[in-house]
There are 2 protein chains.
Amino acid sequence: MKIGELAKQSGLTPHTIRYYERIGLLPRAARDHARQRDYDATILSWIEFLGRLKATGMPIRDMLRYAELRARGVATEPKRRRLLERHREAVRAHVTALQDCLLVLDGKIAGYAGSSERTNDDDAISARPIHDDERHAIRRQPRSGSPGARPARAR
Amino acid sequence: MKIGELAKQSGLTPHTIRYYERIGLLPRAARDHARQRDYDATILSWIEFLGRLKATGMPIRDMLRYAELRARGVATEPKRRRLLERHREAVRAHVTALQDCLLVLDGKIAGYAGSSERTNDDDAISARPIHDDERHAIRRQPRSGSPGARPARAR
DNA sequence: GCTTGACTTAGAGCGCGCTCGAACCCGTAG
DNA sequence: CTACGGGTTCGAGCGCGCTCTAAGTCAAGC
């Protein structure tokens, strides 16, 4: 299967597929006689799984960690498992947060009752204060690891 | 209340608050004698509501539409309501998608059973094919208006 | 032989949502 | 008077995840 075909089947664009390969999310593809990528259909299930991770908000750098563990073979399974378990917890928390927001949304919509009635509304209708992790959509970190690893802002 | 205090109370940074004002998400703040922003506590409920919209994945441009309607007064309530209803549906769909992904995740984790057992796994464990809107996290559009949708691959 | 179209690479550019720097202004405490 | 800890504006920069361009290669069909 060539890249165009894989693109169709996976829903990604060829550009994105090459990009994923470049950064290591996809293994380096085998090449045919003309040095064009030649894919085995099994790659599709990996791409689909990546899609799940992405759909659940996992950042690429974490998918990369997973992909690297996977490439290192079965010995890394416990690590992979823990990684997924941690991610699952994050997703569950996210779902809970969304459901909470839905209640707020419901309340707000109810406030705009019928087609008119309450003229007062102007916001508020809290369900529960928003915890920081929720306000910022999906797990957001202070932008750089604290001990060491600073971008070092040249200037 | 000055901007620093509002920042503490709202969880945003002063930078972000000014940014939101600049783009129109927050109304232009009243100023004190020294031309410094002086906030009324009621702004907090608006900020919190914005936080909910953001937490549920609404892009800033849509919050902006809502904010503009709100600024135009009660006459826009039906529109605001419809906007929120549409958003609510999107969020519900997103929650459903996440729950579906959680099932996949559960399956995958179960595949890494006990501490070893199955050596075969290598992905797949599908619950249901991923619809495009889900794969791309939260409602993603073709980046620039074109009736035909599809990225359009110019060349 | 020429055209077409899908492929190749390296690298630049983009949309989003902030985040920060620079240079300056104020009011209060010491 | 001076220092300092806020505040102000404007505009540049950043991290993310793609997305696209340019220039070239190759194979098949007319």
Side-chain angles (χ1 to χ4, degrees), chain A residues 1-8 10-26 28-39 47 50-51 53-55 57-64 132 135-145 149-155, chain B residues 1-8 10-26 28-39 47 50-51 53-55 57-64 132 135-146 150-155:
Chain A
M1 193 181 358
K2 288 200 282 182
I3 199 170
E5 182 58 23
L6 179 62
K8 257 165 222 153
S10 66
L12 303 177
T13 70
H15 278 312
T16 303
I17 293 171
R18 289 191 206 98
Y19 165 69
Y20 280 0
E21 180 177 321
R22 230 186 306 164
I23 66 174
L25 263 194
L26 297 179
R28 172 148 178 89
R31 304 308 178 105
D32 67 9
H33 60 100
R35 299 216 312 277
Q36 298 192 350
R37 289 172 181 80
D38 191 5
Y39 292 97
I47 291 179
L50 287 177
L53 295 181
K54 174 174 152 190
M58 182 183 283
I60 282 187
R61 89 185 77 88
D62 292 359
M63 296 189 218
L64 220 39
D132 211 56
R135 171 152 31 232
H136 300 299
I138 258 188
R139 293 168 310 144
R140 220 168 172 350
Q141 296 150 260
R143 177 131 292 175
S144 68
R150 309 227 82 228
R153 209 46 142 292
R155 233 205 158 236
Chain B
M1 194 179 1
K2 288 201 282 181
I3 200 171
E5 182 57 24
L6 179 61
K8 258 164 223 154
S10 67
L12 302 177
T13 70
H15 278 311
T16 303
I17 293 171
R18 288 191 206 100
Y19 166 69
Y20 279 1
E21 181 177 323
R22 230 188 303 164
I23 65 174
L25 263 194
L26 297 180
R28 172 148 178 89
R31 304 308 178 105
D32 67 10
H33 60 100
R35 298 218 311 276
Q36 297 192 350
R37 288 172 181 81
D38 190 6
Y39 292 98
I47 291 179
L50 287 178
L53 295 182
K54 176 175 150 190
M58 182 184 282
I60 280 187
R61 89 186 76 88
D62 292 359
M63 296 189 217
L64 220 40
D132 212 56
R135 172 153 31 233
H136 300 299
I138 259 187
R139 293 168 311 142
R140 219 171 175 348
Q141 293 152 259
R143 173 134 296 174
S144 71
S146 139
R150 284 268 91 202
R153 243 64 143 291
R155 223 149 203 250

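Computation of the quantities below employed the complete heavy-atom set of this structure, encompassing side-chain atoms and omitting hydrogens, waters and symmetry-equivalent molecules. Order of the sequence lines sets the chain letters (A, B, ...), proteins ahead of strands, with each chain counted from 1.
Spacing between atom CZ of A/Arg61 and atom C1' of D/dC18 amounts to 15 Å, rounded to whole angstrom units. Rounded to a whole Å, the CG atom of A/Leu64 is 12 Å from the P atom of D/dC18. Residue A/Ile23 contributes atom CD1, which lies 16 Å from atom C1' of C/dA10 at whole-angstrom precision. As rounded to whole Å, 15 Å separates atom C1' of C/dC25 from atom CD1 of B/Ile3. Between the CD1 atom of A/Ile17 and the C1' atom of C/dA6 there is a distance of 13 Å, given to the nearest Å. For the pair A/Tyr19 OH and D/dG15 C1', the interatomic distance rounds to 11 Å; values are reported in whole Å. In this structure, CG of B/Asp38 is placed 12 Å from C1' of D/dG7, rounded to the nearest angstrom. Remark: P of C/dA6 and CG of A/Asp32 are 16 Å apart, rounded to the nearest angstrom.
The salt bridge (charged side-chain N to carboxylate O under 4.0 Å, His left out) check on B/Glu5 picks up nothing, with sequence neighbours excluded.
A distance of 11.5 Å separates CD1 in A/Ile47 from NZ in A/Lys54, rounded to the nearest 0.5 Å. The distance from atom CG of B/Leu12 to atom CD1 of B/Ile3, rounded to the nearest 0.5 Å, is 9.5 Å.
Here the side chains of B/Asp62 and B/Leu53 are not in contact, with every heavy-atom distance at 4.5 Å or above.
Checking the phosphate oxygens (OP1, OP2) of C/dC18, a side-chain nitrogen or oxygen of B/Tyr20 falls inside 4.0 Å. Distances shorter than 4.0 Å separate none of the side-chain N or O atoms of B/Lys2 from OP1 or OP2 on D/dT8.
Closest non-hydrogen pair, A/Lys2 versus A/Asp32, comes out as CD-OD2, 4.5 Å.
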Show me the donor-acceptor pairs within less than 3.5 Å that the side chains of residues 16-25 of chain A make with the rest of the protein, sequence neighbours left out.
{"residue": "A/Thr16", "atom": "OG1", "partner": "A/Thr13", "partner atom": "OG1", "Å": "2.9"}
{"residue": "A/Glu21", "atom": "OE1", "partner": "A/Arg37", "partner atom": "NE", "Å": "2.9"}

What pairs of nitrogen or oxygen atoms, one from the protein and one from nucleotides 9-11 of chain D, lie under 3.5 Å apart?
{"residue": "D/dT9", "atom": "OP1", "partner": "B/Arg31", "partner atom": "NH2", "Å": "3.2"}
{"residue": "D/dT9", "atom": "OP2", "partner": "B/Arg37", "partner atom": "NH1", "Å": "3.0"}
{"residue": "D/dT9", "atom": "OP2", "partner": "B/Arg37", "partner atom": "NH2", "Å": "2.8"}

Might you list the N or O atoms of the protein lying below 3.5 Å from N or O atoms in nucleotides 27-30 of chain D, with each pair's distance?
{"residue": "D/dA27", "atom": "OP1", "partner": "A/His33", "partner atom": "ND1", "Å": "3.2"}

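Candidate nucleotides D/dG7, C/dG17, D/dG17 were compared by shortest atom distance to the side chain of A/Pro59, and D/dG17 ranks first.
Taking five base pairs at each end of the helix from C/dG1-D/dC30 to C/dG30-D/dC1, the local helix axes there meet at an angle of 30°, rounded to 10°.
No side-chain donor-acceptor contact under 3.5 Å links A/Asp38 to the backbone of A/Arg31.
Comparing B/Gln36 and A/Ile60 by the nucleotide of DNA chain D that holds the closest heavy atom to each, the one mapping nearer the 5' end is B/Gln36.
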